[in-house]
Amino acid sequence: MSETRSLLRLNQLASEIQNAISREDYDLVFQAASLLAPALSHWEAETAAHAPDAALETAGLASATQRALQDSETRLTAAKTRVGTQIRRVRQGRRVVSQALTSRRLPPAGLQVDTGR
C-alpha cells in the first residue's frame, strides 16, 4: 500500500505542475518539478522492496501521472516559444524606435557660419 501512496504523491506533483502552468506560476512549477526525482526514487525503492499488491491500480496511476507530465512538458514548451516570440518583438520594436530617433535628428540649434566664402 505504501507504494500506492508514493505513486499518488507523484500524481499529485504532476497535477500541481499542471495547475501552476495554467496560472503561469513558473516558480511553483520549478519547486514541484524539483520534488519529482526524490518522489520517483522513493516509489522505485518501495516497488523493488515489495511485490506489487495492486498492480492494475499502480499501472493506472503511473500512466495517468505520465500523461499529466507529458501534457505539462508540451504546455511549458509552448509557453517558452511564446515568450521567445514576445522577446523578439520587443527587440525588433526597440531597433525600429532607435532607427527612427537617429534618422530624425535635427541639426544643432544656433547660428551657422558659412566659412566657404
Side-chain angles (χ1 to χ4, degrees):
M1 184 63 178
S2 181
E3 66 188 44
T4 304
R5 276 198 307 258
S6 295
L7 195 53
L8 285 171
R9 176 67 177 145
L10 285 169
N11 198 16
Q12 176 190 12
L13 287 170
S15 178
E16 289 293 328
I17 290 170
Q18 284 185 313
N19 291 335
I21 290 170
S22 295
R23 293 187 313 270
E24 295 183 2
D25 185 356
Y26 298 111
D27 289 332
L28 184 58
V29 170
F30 179 76
Q31 290 173 0
S34 69
L35 298 174
L36 282 173
L40 183 60
S41 296
H42 187 69
W43 174 73
E44 288 174 339
E46 288 178 349
T47 302
H50 301 84
D53 296 331
L56 188 59
E57 180 185 3
T58 302
L61 279 171
S63 180
T65 301
Q66 182 181 17
R67 282 191 306 273
L69 290 173
Q70 286 172 339
D71 179 58
S72 296
E73 178 187 15
T74 302
R75 292 168 64 191
L76 281 172
T77 301
K80 182 181 94 170
T81 302
R82 190 174 55 251
V83 167
T85 301
Q86 291 171 347
I87 288 172
R88 279 192 296 280
R89 284 183 189 153
V90 167
R91 286 181 179 158
Q92 183 181 16
R94 286 182 179 172
R95 278 194 302 271
V96 168
V97 168
S98 176
Q99 290 170 352
L101 290 175
T102 58
S103 68
R104 292 186 178 195
R105 294 219 173 162
L106 297 174
L111 296 176
Q112 291 186 357
V113 179
D114 184 9
T115 58
R117 292 189 191 179

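- Nearest heavy atoms, Ala68 versus Ala14: CB-CB, 3.7 Å.
- Under the 4.5 Å side-chain criterion, counting only non-hydrogen atoms from C-beta, Tyr26 is in contact with Val29.
- A salt bridge between Arg67 and Asp71 is absent, with no side-chain N of the basic residue lying under 4.0 Å from a carboxylate O of the acidic one.
- With rounding to the nearest 0.5 angstrom, the CG atom of Leu69 is 5.5 Å from the CG atom of Leu36.
- Residue-environment remark: CZ (Arg91) stays at or below the threshold of 12 foreign heavy atoms within 6.0 Å.
- Within the 3.5 Å criterion, the main-chain N or O of Asn11 finds no donor-acceptor partner in the side chain of Ser15.
- The line from CG of Asp25 to CD of Glu16 is 10.0 Å long, rounded to the nearest 0.5 Å.
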Decide yes or no on side chain to side chain donor-acceptor pair (under 3.5 Å) for Arg95 and Gln92, but give the supporting numbers first.
CA-CA 5 Å; Arg95 278 194 302 271; Gln92 183 181 16; 5.6 Å; no
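- Residues Ala32 and Leu13 share a closest heavy-atom pair of O-CD2, 4.0 Å.
- Across every non-hydrogen atom of Leu76 and Ile21, the tightest pair is CG-CD1, 3.5 Å.
- Leu8 and Leu40 fall within the same hydrophobic cluster, defined by Ile, Leu, Val, Met, Phe, Trp and Tyr side-chain heavy atoms under 4.5 Å apart, directly or through other members.
- Criterion: ILVMFWY side-chain heavy atoms under 4.5 Å apart, direct or through other members. Under it, Leu28 and Val83 are not part of a common hydrophobic cluster.
- Remark: side-chain polar atoms of Thr81 are paired, donor with acceptor, to backbone N or O of Thr77 under 3.5 angstrom.
- The number of heavy atoms from other shown groups lying within 6.0 Å of CD (Glu73) does not exceed 12.
- Within the 4.5 Å cutoff, no side-chain heavy atoms of Gln86 are placed close to those of Val90.
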